[in-house]
There are 2 protein chains.
Amino acid sequence: MGKAEDTKARIERAALVLFVARSVAETTTREIALAASIAEGTIYRHFPSKEQLALDLFLRHHRALAEALDEAQRPHPSLREKIEAIVRCYCDWADRDWTLFAYHLLNQHAFLARVPDDAPNPVAVVHNVIDRAMTAGEIPRRDVGLAAAAAIGVVLQPATYKVYGRFEGPLAAHTGFFADAAWAVLAVTEK
Amino acid sequence: MGKAEDTKARIERAALVLFVARSVAETTTREIALAASIAEGTIYRHFPSKEQLALDLFLRHHRALAEALDEAQRPHPSLREKIEAIVRCYCDWADRDWTLFAYHLLNQHAFLARVPDDAPNPVAVVHNVIDRAMTAGEIPRRDVGLAAAAAIGVVLQPATYKVYGRFEGPLAAHTGFFADAAWAVLAVTEK
DNA sequence: ATTAAATAAGTGAGCAATCGCTTATTTTCA
DNA sequence: TGAAAATAAGCGATTGCTCACTTATTTAAT
């Protein structure tokens, strides 16, 4: 890694940690520089603005997660297996870099509107998988967005509570339960 | 309502709308004053600081929601009925004042750590209900926090996506599905 | 009941501090 | 040696909050 690239990576990591501990708005460029052991002006050699740095961080992770989830589900034929693959991939992703994961989770409301329409999207991946399973008759047909949201919530809410400090240990420890529960949600038949 | 109380309420409502549209950090006291049609200094006759105003707003709603959920579930004997009552109460609460609901949802990570330990807590209500149902043998015994989080996610994730603008219409329209899905999550038996 | 005194509520110009970002200068290294 | 990278000082703008003052409401005294 060249020196410039190393500096850029240090800025990104320092910013990430501070953005999660406080928030983007409450983190100053001076703090980022101090944490990255560089001068404040150096940030602007690598990023046009603090907001763009925050957005870059979000979008890169957003796209990479979507691609990883899509690759994970693709080889499997049945919805049940796709769910397991997606859940496992998601938990591994979160455990591998928890700070980055937490940043992505806590700042969706700020950046989701700025994701390009054609960019890979984690929710769209799940949405498509569920839609095809409904068409194939694997699960009952209902509002896809609603079903996807509820199934995603089964995994995302525990993850959120781990960010809040309510849980310890790796998220992947509960992969089995998450997959079973997500499947149960999708298989619900209105009584 | 006295004049002073009316002013205080106007400040709170103006702040709430701006806090949701932007964020607490990105909303200025000048904007709040302008939106509430009062002088900036008047804010400080009613609140010691912008942060305390934001915290007051959060804590009051947090407590009221917890009490409403607890009252809703109390009269019902079975878990299945308690779930339905809690889901219905929660959806009605959200639909009744969506701005306040969105504010509470989007700022949990900022304020949850500042909730007094003995204060009523929406998650604790669900937690207790599930714990008792496990003890009574109504559902399989497993980590209560995890089961509660997953069940809550079934409702909260769709609600979050509605805040993001992915859904339209009242949340209460899906009460039946939410209750069925939450029940399905809790009834999951590890295979 | 009337007036005087006291308190509370409301105002808005302005302050000290801080912010994101720029620029002139120095260092690094191929 | 020249361009890229990093630095440190600093600029204009904005921020939360204060404060001296005015206006409205409540309490007390005659």
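Proteins get letters first, then strands, A, B, ... in listed order; numbering begins at 1 in each. Note that the structure is a prediction, hence the values are computed from the model and not measured.
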Nearest-angstrom distance from the residue atom CG of B/D6 to P of D/dT25
12 Å
Worked verdict on B/W183 versus B/V87 for side chain to side chain contact (heavy atoms under 4.5 Å, CB included)
CA-CA 11 Å; B/W183 168 261; B/V87 168; over 6 Å; no
Residue-phosphate contact under 4.0 Å: B/H46 side-chain N/O, C/dA8 OP1/OP2:
no
Measure from CD1 on B/I43 to P on C/dA9 and round the result to the nearest Å.
15 Å
So if I apply the side-chain contact (heavy atoms from CB on, under 4.5 Å) rule between A/V129 and each of A/R74, A/Q73, A/H76, which one comes out positive?
A/Q73
Side-chain contact check for B/R45: nearest option of D/dA20, D/dT18, D/dT7 is D/dA20
Contacting residues from residues 49-59 of chain A, given that a heavy atom lies under 4.0 angstrom of DNA chain C
A/S49, A/K50
With a cut-off of under 6.0 Å to the ring centre and 45° to the axis, is A/K8 in cation-pi contact with A/F47?
yes
Validation row: A/V163, A/Y103 side chains within 4.5 angstrom (heavy atoms)
no
Rounded to whole angstroms, how far apart are OH on B/Y44 and P on C/dG14?
19 Å
Should B/D143 and A/H174 be marked as a side chain to side chain contact (heavy atoms under 4.5 Å, CB included) after you check the CA-CA gap, both sets of side-chain angles, and the distance that decides it?
CA-CA 10 Å; B/D143 183 288; A/H174 311 293; 5.8 Å; no
Just by distance, no angles: are the side chains of A/S23 and A/E26 close enough, under 3.5 Å, to form a donor-acceptor pair?
yes
Residues of residues 23-40 of chain B with any non-hydrogen atom less than 4.0 angstrom from an atom of DNA chain C: list those, numerically ordered, please.
B/R30, B/I38, B/A39
Step through it carefully: locate the ring centre of A/F19, locate the ring centre of A/F58, and say whether they are under 6.0 Å apart.
no
By salt bridge (Lys or Arg N to Asp or Glu O under 4.0 Å) - contacts of A/E67 (at least two apart):
A/R63
